[in-house]
Amino acid sequence: MTRREIGWLVVRAAAVAGGPQFFADWVKAAPPHAGPPHAHELNSFAPPEPDRWSSYQPKFLSAEEFKMLDAFTAILIPTDETPGAREAHVTPFIDFVINAAAEYAPEMQREWRKSMNWLAGRQFGQLSGEEQLSLVRQMSEEGDGSSEGKGFAVYQLIRDMTIHAFYTSRAGLVDVLEYKGYAYLTEFPACTHPEHHQV
């Protein structure tokens, strides 16, 4: 899937029943994060949004698949001094988009069902954190052509959607990329360096 295709799927998902409310809540989500405050947090006038995601019920994925996908995305974008996939609510985003695809891209649902079955077949949900990390690393390395396993296709599908979800979320866009929004200058102060005043 290309970035453009993922973007188009998300736009269509926003148009299905429940889509506008889901994305309105998801975009505004301000996750709690233990790291140091960022500049935008110190200067923000908006109070943090309440957590709407702790009670999210999967719509396409089973509870076990949801848990597996959550662990997988947290490996791809871990939480450190900046928010990770969990703080960005990547897994609910993916689940909602896949579920909405029934109306306009059923082949996407089939692809995700095969991928989740592949992970379940390797008992991803029962592995320890270190074992999960090792499997994800192995899957990613299959893309170098040294192996013909299906693991890389699964890895690539989850990775691409995770990246898209994360960097369009408030956590990814504002907290990590420090996007300031559509700002404009109210004044244009002159340069104070004497060497720049010479013509």
Side-chain angles (χ1 to χ4, degrees), residues 1-29 31 49 51-79 83-127 132-133 135-136 138-140 142-143 149-173 176:
M1 250 188 210
T2 66
R3 188 175 300 162
R4 179 174 292 180
E5 288 170 336
I6 291 174
W8 183 236
L9 288 170
V10 171
V11 168
R12 291 175 120 180
V16 302
Q21 184 60 53
F22 175 88
F23 285 106
D25 290 345
W26 184 77
V27 167
K28 289 189 281 187
E49 290 288 324
D51 179 24
R52 296 174 169 93
W53 305 102
S54 57
S55 60
Y56 178 82
Q57 296 298 312
K59 296 172 179 14
F60 176 79
L61 301 169
S62 68
E64 181 59 32
E65 289 170 337
F66 190 86
K67 188 176 172 185
M68 282 194 307
L69 183 60
D70 188 61
F72 199 108
T73 61
I75 289 170
L76 295 176
I77 307 179
T79 302
R86 285 189 171 130
E87 289 79 13
H89 312 296
V90 164
T91 310
F93 175 96
I94 293 173
D95 176 71
F96 187 89
V97 171
I98 298 168
N99 186 62
E103 293 185 23
Y104 54 84
E107 67 284 354
M108 179 186 180
Q109 289 190 331
R110 288 191 292 273
E111 195 173 355
W112 275 91
R113 181 61 60 219
K114 286 180 190 173
S115 295
M116 299 315 295
N117 287 340
W118 191 93
L119 282 180
R122 272 115 193 114
Q123 299 183 325
F124 188 83
Q126 286 74 49
L127 300 177
Q132 288 178 337
L133 177 60
L135 179 58
V136 171
Q138 177 188 338
M139 293 164 67
S140 71
E142 291 178 4
K150 293 185 179 177
F152 182 70
V154 174
Y155 167 81
Q156 193 172 31
L157 179 72
I158 298 172
R159 180 201 64 194
D160 291 351
M161 187 68 91
T162 298
I163 290 170
H164 183 84
F166 183 75
Y167 287 107
T168 53
S169 72
R170 179 170 174 170
L173 190 62
V176 175

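In terms of heavy-atom proximity, A85 sits nearest to A74 at CB-N, 4.2 Å. Nearest heavy atoms, D95 versus K59: OD2-N, 2.6 Å. The heavy-atom pair separating M139 from G151 by the smallest distance is CE-O, 3.3 Å.
The line from CE of M68 to CZ of R122 is 11.5 Å long, rounded to the nearest 0.5 Å.
Checked by atom type and distance alone, the side chain of E87 never pairs as donor or acceptor with a backbone atom of T79 at under 3.5 Å. The backbone N or O of M116 sits nowhere less than 3.5 Å from a side-chain atom of E65 that would complete a donor-acceptor pair.
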- Item | Test log, rule side chain to side chain contact (heavy atoms under 4.5 Å, CB included), inputs F124 and V136 | CA-CA 10 Å; F124 188 83; V136 171; 3.9 Å; yes

- Message: What verdict does the side chain to side chain contact (heavy atoms under 4.5 Å, CB included) test give for Q126 and E64, after you've listed the backbone C-alpha separation in whole Å, the side-chain angles of each residue and the deciding distance to 0.1 Å?
- Response: CA-CA 10 Å; Q126 286 74 49; E64 181 59 32; 3.7 Å; yes

- V154 vs L119, side chain to side chain contact (heavy atoms under 4.5 Å, CB included): CA-CA, chis, key distance, verdict: CA-CA 8 Å; V154 174; L119 282 180; 4.2 Å; yes

- Using the side chain to side chain contact (heavy atoms under 4.5 Å, CB included) rule, take E111 and E107 through it: C-alpha gap first, then chi angles, then the decisive distance, then the call. CA-CA 6 Å; E111 195 173 355; E107 67 284 354; 5.9 Å; no

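In this structure the side chain of F166 never reaches within 4.5 angstrom of the side chain of M161, judged on heavy atoms. Between F72 and T162 there is no side-chain heavy-atom pair separated by less than 4.5 Å.
Annotation: salt bridge (charged side-chain N to carboxylate O under 4.0 Å, His left out) contacts of R110 (sequence neighbours excluded): none. In this structure D70 satisfies the side chain to side chain donor-acceptor pair (under 3.5 Å) test together with R86, T91, sequence neighbours excluded. With sequence neighbours excluded, no residue forms a ring-ring contact (aromatic ring centres under 6.0 Å, His included) with F60. Taking the side chain to side chain contact (heavy atoms under 4.5 Å, CB included) definition, one finds that R159 meets it with L76, Y155, Q156, I163, sequence neighbours left out.
A side-chain contact (heavy atoms from CB on, under 4.5 Å) with L61 is found for exactly one of I94, L69, N99, namely L69.
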